[in-house]
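First comes the structure, then the notes that go with it.
FYI, the numbering just counts along the sequence from 1.
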Amino acid sequence: QVQLVESGGGSVQAGGSLSLSCVASGITRGCLGWFRQAPGKEREGVATIWIGGVSTFYSGSVDGRFTISQPNGPNTVTLQMNSLKPEDSAIYYCAALSLGFWSSAAQCYFDNPYNSWGQGTRVTVSS
């Protein structure tokens with residue numbers, strides 16, 4: 001059973017930076033990622049990463065401003081968010097997709113069935 005524990009988030013003014021972290025347990029192969037949901041909107045993918053590798057995906061709205069990485073090993077994932085905008089305000093969820101031996105990084109894209117979720121952490125960006 002995969003468990004995800006998030007930390008970080010908070011409030012910042014537009015143009016500022018925040019960092020989110022997630023510690024994952026119970027997963028050895030597959031993908032970790034961040035999704036977000038703003039009030040009244042559907043959940044959307046933000047960034048994903050192949051566990052232990054360098055392959056990443058970003059949504060167009062955050063590409064160039066956000067960076068997903070695993071600086072503390074394969075069981076953690078960090079989302080560094082720079083140049084934040086008010087439209088980035090949302091609840092951010094860490095997500096995991098467990099995959100089998102024959103899987104590949106291409107399966108980390110947002111529309112694949114991520115099946116484990118963290119509790120969510122709020123990010124608020126004021127103008």
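The SG atom of Cys31 lies 10.0 Å from the CD1 atom of Ile49; values are rounded to the nearest 0.5 Å. Taken to the nearest 0.5 Å, the SG atom of Cys22 stands 11.0 Å off from the CD atom of Gln3. In this structure, CG on Leu18 lies 10.0 Å from CG on Leu79, to the nearest 0.5 angstrom. Rounded to the nearest 0.5 Å, atoms SG (Cys108) and CG (Leu99) are 6.5 Å apart. For the atom pair OG of Ser59 and CH2 of Trp34, the computed distance is 14.5 Å after rounding to the nearest 0.5 Å. The line from CZ of Phe57 to CG of Asp111 is 9.5 Å long, rounded to the nearest 0.5 Å.
By the rule that hydrophobic residues join a cluster once side-chain heavy atoms approach within less than 4.5 Å of another member, Val123 and Val46 end up as members of one cluster. Cluster membership for Trp50 and Ile68, using ILVMFWY side-chain heavy atoms within less than 4.5 angstrom, is not shared. Cluster membership check: Phe110 shares its hydrophobic cluster with Leu97, using side-chain heavy-atom separations under 4.5 Å among Ile, Leu, Val, Met, Phe, Trp and Tyr. Following chains of ILVMFWY side-chain contacts shorter than 4.5 Å, one cannot reach Tyr114 starting from Val5, and the two form parts of different hydrophobic clusters.
For Ser83 (side chain) and Arg65 (main-chain N/O), no donor-acceptor pair under 3.5 Å exists by modelled atom type. In this structure, the side chain of Gln37 does not engage the main chain of Glu42 through any donor-acceptor pair within 3.5 Å.
Using modelled atom types, one finds no donor on one side chain facing an acceptor on the other under 3.5 Å when comparing Thr67 with Ser69.
Checking each of Leu32, Ile27, Val77, Val23 against Leu4 for a side chain to side chain contact (heavy atoms under 4.5 Å, CB included) leaves exactly one that passes, namely Leu32.
Within 6.0 Å of atom CD in Gln119, more than 12 heavy atoms from other residues, nucleotides or ligands are found, so the atom counts as buried in its surroundings.
The minimum heavy-atom distance linking Glu6 with Thr121 is given by the pair OE1-N, 4.0 Å. Between Thr28 and Ile51, the shortest heavy-atom distance links the atoms O-CG2, 4.3 Å. The heavy-atom pair separating Val2 from Ser116 by the smallest distance is CB-OG, 3.4 Å.
Residues in residues 18-37 take part in these salt bridge (Lys or Arg N to Asp or Glu O under 4.0 Å) pairs, two or more places apart or across chains: Arg36-Glu44, Arg36-Asp88.
With sequence neighbours left out, Tyr58 forms a ring pair (Phe, Tyr, Trp, His ring centres under 6.0 Å) with no residue at all. Every residue two or more places apart in sequence or in another chain that forms a side chain to side chain contact (heavy atoms under 4.5 Å, CB included) with Ser17 is listed here: Gln80, Asn82.
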message: Pair Met81, Leu20 - check side chain to side chain contact (heavy atoms under 4.5 Å, CB included), show working.
response: CA-CA 8 Å; Met81 305 182 291; Leu20 305 179; 3.8 Å; yes
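Ring pair Tyr92/Phe66 is tilted by interplanar angle, where 30° to 60° counts as tilted.
Side-chain atoms of Thr78 and Ser19, non-hydrogen and from C-beta on, do get closer than 4.5 Å to each other.
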